Amino acid sequence: MDFKTQVAPEGTWAGVAADALLVVVTAGADLPKGLDAPLAAVLADALKAGDISLKAGQQLYAHRVPGMKAARVCFVVAGDGSAKAVAKAVGTGLATLKGGGSRHLAIGLAAPAEAAAATAEALVRAVHEAVYVYRHTKPSAPPAPKLTSVSLLCSKAQSADVARGMLRGQEIAAGVELARDCANRPGNHCTPTFLAAQARALGKSHGLKVEVLDRKDVEKLGMGAFLAVAQGSDEPLKFIVARYQGAAKTVAPVVLVGKGITFDTGGISIKPAAEMDEMKFDMGGAASVLGTLRAVAGLKAKVNLVGIIPACENMPSSRAVKPGDVVTSMSGQTVEILNTDAEGRLILCDALTYAERFKPAAVVDIATLTGACVIALGAHRSGLFSADDALAAALQSAGDAALDPAWRMPLDEEYDEALKSNFADMGNVGGRAGGAVTAAMFLKRFTSAYRWAHLDIAGTAWKSGAAKGSTGRPVPLLTHFVLGHGG
Ligand code: BES
Ligand code: MN
Ligand code: ZN
């Protein structure tokens, strides 16, 4: 998709040459003031006829409006001038326009939008969102929409800000799409080996240094917890390390650690059959690390960023780890594996220990870690855990700015008691109560060497039901966070 800014302030849209013009108006009582006469006439007429009202979510399609150069005009009503509301309205309009014959769309805001850059970023992402189609294993997927180019109309004064926001939106959208395409692929396609190949391809296209460790390397490192999860599967494990260097070598990197369980059956503590297919999305954390690397590298950000992905399957077999088995993690701490379905924390704890070697400015792990987090927060906000107030605040505000929000959860020491074991330094599960928090407390035991935060994306990484599919979250949050971190 090709995006451009076009200097065309409100009042000059009648002459805009595009196949379709999408006009965003804000909810309220009054018609927007500065509209071109032909547009104002259609809108006033439709309002009078009761075919549209100025309420959020409303829209009106008009074909060949006299006096307009664009053949199609679609009005959409945004709740207010926020980037979020404007992007939502554009999504509504695109649902109408994308199936049609338009190749070139122009978008005009007849609304006093807040920061032009933030709005432009959100618009670009909304367009990508509206036209995304998963097709890798579905030959019968609908053909790609004809839409190939989009112009954002703006005033001359705004155009630099709009261009900047647009670029950010495009790179974030590309990162989101990479994450979605990885996570939507089924477990027999998206294997640990496939994730490693994706990382290598990204390394080639975006100038990353990529290293992939195999079982032997992981054994040498003493990653007993990661190995225990992988041992039940014939699918070879991969430990992926991808590095982007955008700042001086001496600048401490941000390290992202993504859970890469390419399928989670639960292992010997096997899961029930219902919705088990959705456990192909259990590598959503890994996918978001790849997507963020792509976005940050694409923006040539002046930061150093390391992505670490422990990837394997969690399968039952005669060689699989059993409940009660005790393993030694890379940190030297031992773990009693009481439930083989709490595997995410086992692969992450060794990756968190491995992260120490980068002397990181901060480490953020991202994981579809607990069903309990879905119960706590639902599908709108990711769970955010950190003992570091400044780091938590930075992630929270990155999520808000990126329209990819998170919500801080507690990490009080009292929760740690649930992990006590008579046979090892800790068990790998607490009780059912506070399950998202005890999982985070488990990870915390491996993070004393650096500033650390954990994002539980079990509720936000994918949608269930008719719209089943990966969301690409939290690539937007992470990209904003990393950009904010290194300037
Ligand atoms: N990948 C799951 C978490 C999950 C479950 C995410 C359902 C989204 C929807 C994770 O590996 C898991 O199985 N967690 C267990 C932990 C429990 C055994 C302590 C869970 O949440 O049930
Ligand atoms: Mn599990
Ligand atoms: Zn899992």
Side-chain angles (χ1 to χ4, degrees), residues 183 187 190 192 195 225-226 228-233 235 237 257-288 309-316 320-325 335-349 351 365-383 385 409 415-416 418-421 426-443 454-465 468-471 473-474:
C190 180
L195 284 179
F226 178 31
V229 177
Q231 78 190 37
S233 172
E235 201 59 65
L237 68 78
V257 179
K259 173 178 173 182
I261 294 290
T262 58
F263 197 83
D264 182 10
T265 64
I268 296 299
S269 314
I270 199 161
K271 288 181 179 295
E275 284 153 28
M276 206 211 271
D277 65 290
E278 296 188 7
M279 284 299 114
K280 73 173 185 177
F281 296 119
D282 211 17
M283 34 58 70
S288 77
I309 297 170
C312 68
E313 277 184 343
N314 186 22
M315 296 288 282
V321 71
K322 304 173 293 298
D325 284 1
V335 182
E336 184 186 12
I337 301 178
L338 291 162
N339 188 321
T340 66
D341 197 12
E343 85 296 341
R345 61 199 79 180
L346 295 172
I347 71 168
L348 290 170
C349 72
D365 77 73
I366 308 99
T368 49
L369 202 64
T370 65
C373 192
V374 190
I375 303 301
L377 293 173
H380 299 299
R381 286 184 185 261
S382 304
F385 300 79
M409 302 278 280
Y415 288 104
D416 194 70
L419 297 173
K420 275 194 179 146
S421 158
M426 70 198 88
N428 77 328
V429 292
R432 267 166 57 81
V437 188
T438 51
M441 291 305 292
F442 179 94
L443 297 176
H454 156 62
L455 290 168
D456 193 331
I457 57 166
T460 52
W462 77 87
K463 292 180 183 160
S464 306
K468 191 189 287 182
S470 164
T471 60
R473 290 177 69 182

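These values consider heavy atoms only, across backbone and side chains, with no hydrogens, waters or symmetry-generated copies. Bear in mind the structure is a predicted one, so any value in this text is a computation, not a measurement. Each ligand, and each atom within it, is numbered from 1 in the order the structure gives.
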Atom indices of ligand 1 within 4.0 angstrom of [X] heavy atoms, with elements:
X: Asn339; answer: 18 (C)
X: Glu343; answer: 11 (O)
X: Thr368; answer: 1 (N), 2 (C), 3 (C)

Between [X] and ligand 1, which residue portion shows a heavy-atom distance shorter than 4.0 Å: side chain, backbone, both, or neither?
X: Asn314; result: neither
X: Met279; result: side chain
X: Asp341; result: both

Under 3.5 Å between some N or O of ligand 1 and some N or O of [X]?
X: Thr370; answer: no
X: Lys271; answer: yes
X: Arg345; answer: no
X: Gly371; answer: yes

Practice task
To the nearest 0.5 Å, tell me how far Phe385 CZ sits from Cys373 SG.
Solution key: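 So the CZ of Phe385 and the SG of Cys373 are separated by 5.5 Å.
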
Handout entry: Gap separating the SG atom of Cys312 from the CD1 atom of Ile261, nearest 0.5 angstrom
Key =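 CD1 of Ile261 is found 4.0 Å from SG of Cys312.
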
Exercise for the section: Name the option, out of Phe442, Phe281, Trp462, that contains the heavy atom nearest to atom 8 (C) of ligand 1. Expected result: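 Shortest heavy-atom distance from atom 8 (C) of ligand 1: Trp462.
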
Main-chain N/O of [Y] paired with [X] side-chain donor or acceptor, under 3.5 Å:
X: Asp456; Y: Leu369; value: yes
X: Asn314; Y: Thr265; value: no
X: Thr471; Y: Thr460; value: yes
X: Asp282; Y: Met279; value: no
X: Arg473; Y: His380; value: yes
X: Ser269; Y: Gly266; value: no
X: Ser288; Y: Gly285; value: yes
X: Thr340; Y: Ile268; value: yes

Exercise for the section: Please list all pairs passing the salt bridge (charged side-chain N to carboxylate O under 4.0 Å, His left out) test where one or both residues lie in residues 335-348, with sequence neighbours left out. Expected result: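 Found Lys259-Glu343, Lys271-Asp341.
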
Where is the tightest heavy-atom contact between [X] and [Y], given as atom of each residue plus distance?
X: Ile457; Y: Gly284; result: CD1-C, 3.9 Å
X: Glu313; Y: Gly187; result: OE2-O, 4.5 Å
X: Ala372; Y: Ala436; result: CB-N, 3.5 Å
X: Leu237; Y: Phe226; result: CD1-CE2, 3.9 Å

Handout entry: Derivation and outcome, side chain to side chain contact (heavy atoms under 4.5 Å, CB included), residues Ser464 and Glu275
Key = CA-CA 9 Å; Ser464 306; Glu275 284 153 28; 5.8 Å; no

Problem - Charged N-O contact under 4.0 Å between Lys280 and Asp264 - result: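 Salt bridge: no.
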
Closest protein heavy atom (residue, atom, distance) for [atom]:
atom: atom 2 (C) of ligand 1; result: Asp264 OD2, 3.6 Å
atom: atom 14 (N) of ligand 1; result: Leu369 O, 3.5 Å
atom: atom 6 (C) of ligand 1; result: Ala458 CB, 3.6 Å
atom: atom 19 (C) of ligand 1; result: Val429 CG1, 3.5 Å

Problem - Heavy-atom protein neighbour under 4.0 angstrom from atom 21 (O) of ligand 1 - result: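 So atom 21 (O) of ligand 1 has protein heavy-atom neighbours under 4.0 Å.
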
Exercise for the section: Using a cut-off of 2.8 Å, find all protein N, O or S atoms closer to the Zn ion (ligand 3) than that distance. Expected result: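 Metal shell, protein only: Lys259 NZ, Asp264 OD2, Asp282 OD2, Glu343 OE2.
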
Handout entry: Min heavy-atom dist Glu275 to ligand 1 below 4.0 Å
Key =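 No, that is not the case, since the closest heavy atom of the residue is not under 4.0 Å from the ligand.
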
Practice task
Would you check whether Lys259 reaches within less than 4.0 Å of ligand 1, judged by its heavy atoms?
Solution key: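 Heavy atoms of Lys259 do come under 4.0 Å of ligand 1.
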
Problem - Contacts of type side chain to side chain contact (heavy atoms under 4.5 Å, CB included), residue Ala228, not counting sequence neighbours - result: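 Expected list: Gln231, Val321, Val327, Ile337.
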
Handout entry: Proximal protein heteroatoms (N, O or S) of the Mn ion (ligand 2), under 2.8 Å
Key =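 Hits for the Mn ion (ligand 2) below 2.8 Å: Asp264 OD2, Asp341 O, Asp341 OD1, Glu343 OE1.
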
